[in-house]
Number of protein chains: 2
Amino acid sequence: MDAITLDAELTAVLHDRGQRVTPQRLILHRLLRAGPQHLTAEELLAHSRPQLPNVSLPTVYATLDLFEELGVIRRVAGTGPAQVYDSRAERHHHLRCVRCGAVSDLDADIDVRAAARAAEGRGFAPERVEVTVTGLCRACAAAGAASAV
Amino acid sequence: MDAITLDAELTAVLHDRGQRVTPQRLILHRLLRAGPQHLTAEELLAHSRPQLPNVSLPTVYATLDLFEELGVIRRVAGTGPAQVYDSRAERHHHLRCVRCGAVSDLDADIDVRAAARAAEGRGFAPERVEVTVTGLCRACAAAGAASAV
DNA sequence: CTGGATGCAAACTCTTTGCATGCAT
DNA sequence: ATGCATGCAAAGAGTTTGCATCCAG
């Protein structure tokens, strides 16, 4: 299956699966394509309010689960309380600020084969290898240097 | 500061910080050293029951926070509901099963400098680089092959 | 029509907070 | 004696579930 990046593609995939094409799904999908790459369910709900005044949080969660199953989005592994979803499903890596919790993409050519091989050697069937760099983002590093007097 | 792996070292560090050496802290520290490497607060509570019948969950959380601050343990980035703590603080990587959620260590020599350099290039001050391999653990791969008929 | 999807409300889990008591120093 | 740490209870945040209604097919 190819990437799902248009309304028509989402529609086709849903039909194939015998699932329905609802305004909520189409609009949330559009918002995920157009909006911030990393967001929580609550944030997506807030973004959708103008176009879907009555959308509910359970629907947002259900839709995010569905989109994750379709490979449209991914959950970002993290240590905070709220799940962060990533509207880019393709393989890439992340920076996470330990102070403000912000997540941003790290597009770097990291050789990850050693990790996959090591995992296979332990009987593990790797699907994905993700590299996460934790530290201080530019803003927090600056603020930290000032406040750490 | 060196690694804290003995009661005496924990005692010394706590004294240095003007904090108290309580039975709860000592026993939880011992359990973390001796028990499973990856566990949740609830699991640690359960493990501590025999030795600390009255210990409470808030105390476990407070102690885990403290130990994380001391660099004794680490939180494992994940997508599940419950925080998983790792009693090994030294740098290593993780395998996470997408089916059963199990976390295990991956000790592999992965060259992570490219990621750190890329992060620095974006104004990020990297503290740690972690590689997480997601996929199916041996048990779930076997079960999946059977049930995915 | 029919059944999957939605919205609402409530339940549930995990984690944090407030406060009185207790204990390490 | 001092005040940090604990235990209990309750609150809070995030997520899931149950169920009646609605709407896409």
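Below, read A as the first sequence line, B as the second, and so on, with proteins coming before strands; counting in each chain starts at 1.
The CD atom of Q83(A) sits 10.0 Å away from atom OG1 of T40(A), with the distance rounded to the nearest 0.5 Å. One finds the OG1 atom of T59(A) at 9.5 Å from the CZ atom of R25(A) (value rounded to the nearest 0.5 Å). To the nearest 0.5 Å, atom CD of residue Q37(B) and atom NE2 of residue H94(B) are 7.5 Å apart. The CD1 atom of I4(B) lies 10.0 Å from the CZ atom of R33(B); values are rounded to the nearest 0.5 Å.
Salt bridge D86(A)/R75(A): absent, no basic N to carboxylate O contact under 4.0 Å. No salt bridge links E68(A) with R74(A); every basic N to acidic carboxylate O contact stays at or beyond 4.0 Å.
With dA5(C), dT15(D), dA5(D) as the candidates, the nucleotide lying closest to the side chain of R25(B) is dA5(D). The side chain of T22(B) lies closest to dT6(D), out of dA24(D), dC14(C), dT6(D). Ranking dC14(C), dG3(C), dG22(C) by closeness to the E42(B) side chain, first place goes to dC14(C). Closest to the side chain of P81(A), out of dT15(C), dG7(D), dG14(D), is dG14(D). Ranking dT15(C), dG22(C), dA24(D) by closeness to the P23(A) side chain, first place goes to dA24(D).
Residues from residues 52-65 of chain B that place a heavy atom under 4.0 Å from any atom of DNA chain C, listed by number: L57(B), P58(B), Y61(B).
Residue Q19(B) has no polar side-chain atom (N or O) positioned under 4.0 Å from OP1 or OP2 of dT25(C).
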